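Notes follow once the structure below has been shown.
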There are 2 protein chains.
Amino acid sequence: LSNSKKPKVGILGSGSFATALVKIFSDNGTIEIFWWIKKPELANQVQKLHHNPKYLSSVPISLPDEHISSDLVKIVNICDWILLAIPAAFLQKELIVLSSKSFRGKKIITVIKGMIPEENLVVAEFMNRFYDVEIKNIVVVTGPCHAEEIAQEKLSYLTMASVKPQESDLVCSYFNTSYVKTQTSNDLYGVELASVLKNIMSLASGIFRGLGYGDNFQAVFISCALREMESFLNKLYPINRNIMESAYLGDLLVTAYSQFSRNRNFGTMVGKGYSVKSASLEMNMIAEGYFASASIQYLIETHHLKMPILETVYRILYLGSNPGTEMLNLTASLH
Amino acid sequence: LSNSKKPKVGILGSGSFATALVKIFSDNGTIEIFWWIKKPELANQVQKLHHNPKYLSSVPISLPDEHISSDLVKIVNICDWILLAIPAAFLQKELIVLSSKSFRGKKIITVIKGMIPEENLVVAEFMNRFYDVEIKNIVVVTGPCHAEEIAQEKLSYLTMASVKPQESDLVCSYFNTSYVKTQTSNDLYGVELASVLKNIMSLASGIFRGLGYGDNFQAVFISCALREMESFLNKLYPINRNIMESAYLGDLLVTAYSQFSRNRNFGTMVGKGYSVKSASLEMNMIAEGYFASASIQYLIETHHLKMPILETVYRILYLGSNPGTEMLNLTASLH
């Protein structure tokens, strides 16, 4: 299919972040891009229009036709690196056509910020347990990064986390462009879990917003949320980490404060009195923080943790608790 | 003048935060409020209109006429506590009619977030050195708190810092209302300096905004700003503090992200190409972060520190450096 000596990276998923990645890799030029787009109609449209009509349509896509395909098995077979950019809630279902054998000799990059709902596992753990991918062959990409700003070439910093420094260094070299700066981390589990937690925190921040709490309170809330995140990570994966680095605090801030944040907007609707169901219908999607909340609650219970904010969000989203009452109670425990 | 057994607190200053304090103390009811309003015309108007026509005009003011005065010496003489709510840049000038004797037996509350420009001192140090007020008789009030939200009774958290726990506890009891929650801190110097630094950081965040940097970058910037603040405080006042508490991180966030932030808005204009002078004229005020930058630069040089963000802001505001070039250089050192 291709004689290039460049490493072949197969992007799985066709959402806004997947589309932003095609742009980054195209501008970087180090790797050969393959793109799995599930729906053949969409794959055809992208080939014909030279952009993704559904997301970031201003981003030009100039891949050879045969590099875009709806055949997942084929894309995975061709590529050296498999880049997972499918919403966590659907990953398990989409990968069902693949087996451990499909991933033999492959390395994984994941940009997914969420947990596999049925398994309560972060993506790296899931790929390890279900597809026998060794942890050392997985790189987690995280950091504050709304795809919309990549399309506009606004300066963004990404963190590549791996237990093997040479893998994260390699992946950095695929991402560096004039508008993307990269750094590495050895806290693979921590950054991945932080990127899940921050969606729930952002959803909580939205609920407060929807209930009418102001900027003074939001600032206190985010300070508390960061400390609860730190405590959660230290309980589950106690390594020496600085929670004030951009992979943790930065990622939390961009999600909690940005107008683009789906989790915050979803939370705002819940705070305003929409049910979870009507908020999802209204937004035409369910925010990742919603699914994450159930998995995190499972971990909280399994590990006998006390996490006031995360537990409150769970009760509101899953047990039908009243947002106003729950959040008022929560304010008493914050400082 | 009054036979009340309640402690008498004299608020010095008539800006938005001073006005918010009158509201808080009125709703709290523990203390007897006296208010120094410099300009007799304004003092008269407030007495007649029962609100401050210049700031937070929706807040009803119902103090006895003789509790509002333009006579600074009289107010200070009457009161047990002197509450400083005058912009730092003007404090020294306003207090010139007072002496160490005026403050004998008095205790100080300061809500000022700035340094005395000519002396490069935070307010507590200034009152100590120039008016012989013992540090143990000073309480610093800080935390994320835009006055506009106090007027709207939006829930806010304030921190009372003192080297003497019983003083900060006492002041907490004056501030607690349904919409103000308080907590104490023993880091008097640290919280005061943090409240100064955050104005400069917020100004920097505004410059980036004005230059067109987006939300992804802002999140990284704030993470870096918090770490630079921590490093600065640890160098100058090394005590055991958690920089993620709301007096530090929360205060930074509200200033850097809120629409009400004068420092951010000032920075945005500088980033858009306005000179410092025209930005001040346009806003009809100079942001506190502007003055703070010079004092902090003095401390940086005196203590031989390396503070990339703070030094960059100084060069832009005082040495005429180009904001675009300076901030681009700065991005290379952030992570």
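First the proteins, then the strands, lettered A, B, ... as listed; each starts at 1. For clarity, every value in this text was computed on a predicted model and none was experimentally measured.
Nearest heavy atom pair, residue B/Ser246 against residue A/Ser223, reads CA-OG, 3.8 Å. Across every non-hydrogen atom of B/Asn242 and A/Arg227, the tightest pair is ND2-CD, 3.8 Å. Annotation for A/Met244 and B/Ile243: closest pair SD-CG2, 3.3 Å, computed over non-hydrogen atoms.
Applying the 6.0 Å contact sphere to NZ of A/Lys272 captures no more than 12 heavy atoms from other residues, nucleotides or ligands. For CZ of B/Arg262, the number of neighbouring non-hydrogen atoms (other residues, nucleotides, ligands) closer than 6.0 Å is 12 at most.
The parts of A/Leu334 that come within reach of chain B are both its backbone and its side chain, each placing non-hydrogen atoms under 4.5 angstrom from that chain. Contacts of A/Thr255 with chain B are absent, with no heavy-atom separation under 4.5 Å from either backbone or side chain. For B/Glu148, no part lies near chain A; criterion is any non-hydrogen pair under 4.5 Å. For a residue to count as touching a neighbouring chain, one of its non-hydrogen atoms must lie under 4.5 Å from one of that chain's; by this rule A/Glu245 touches chain B with backbone and side chain alike.
The greatest number of non-hydrogen atom pairs below 4.5 Å with chain A, out of B/Gln218, B/Gln152, B/Glu149, B/Lys154, is found for B/Glu149. Considering only heavy-atom pairs separated by less than 4.5 Å from chain B, the leading option among A/Leu155, A/Asp251, A/Leu249, A/Thr182 is A/Leu155. When each of B/Pro144, B/Gly212, B/Gly214 is checked for heavy-atom pairs under 4.5 Å with chain A, B/Pro144 comes out on top. Of the listed residues (B/Phe217, B/Tyr248, B/Tyr213), the one with the most heavy-atom contacts under 4.5 Å to chain A is B/Phe217.
Between B/Tyr257 and A/Tyr257, the ring planes lie parallel to each other; the angle is under 30°, not in the 30° to 60° tilted range.
The shortest distance between side-chain heavy atoms of A/Lys181 and B/Val220 does not fall below 4.5 Å.
If you take CG on B/Leu253 and CG on A/Leu253, they are separated by 5.5 Å, rounding to the nearest 0.5 Å.
Between the side chain of A/Asn216 and the main chain of B/His146, a donor-acceptor pair closer than 3.5 Å is present.
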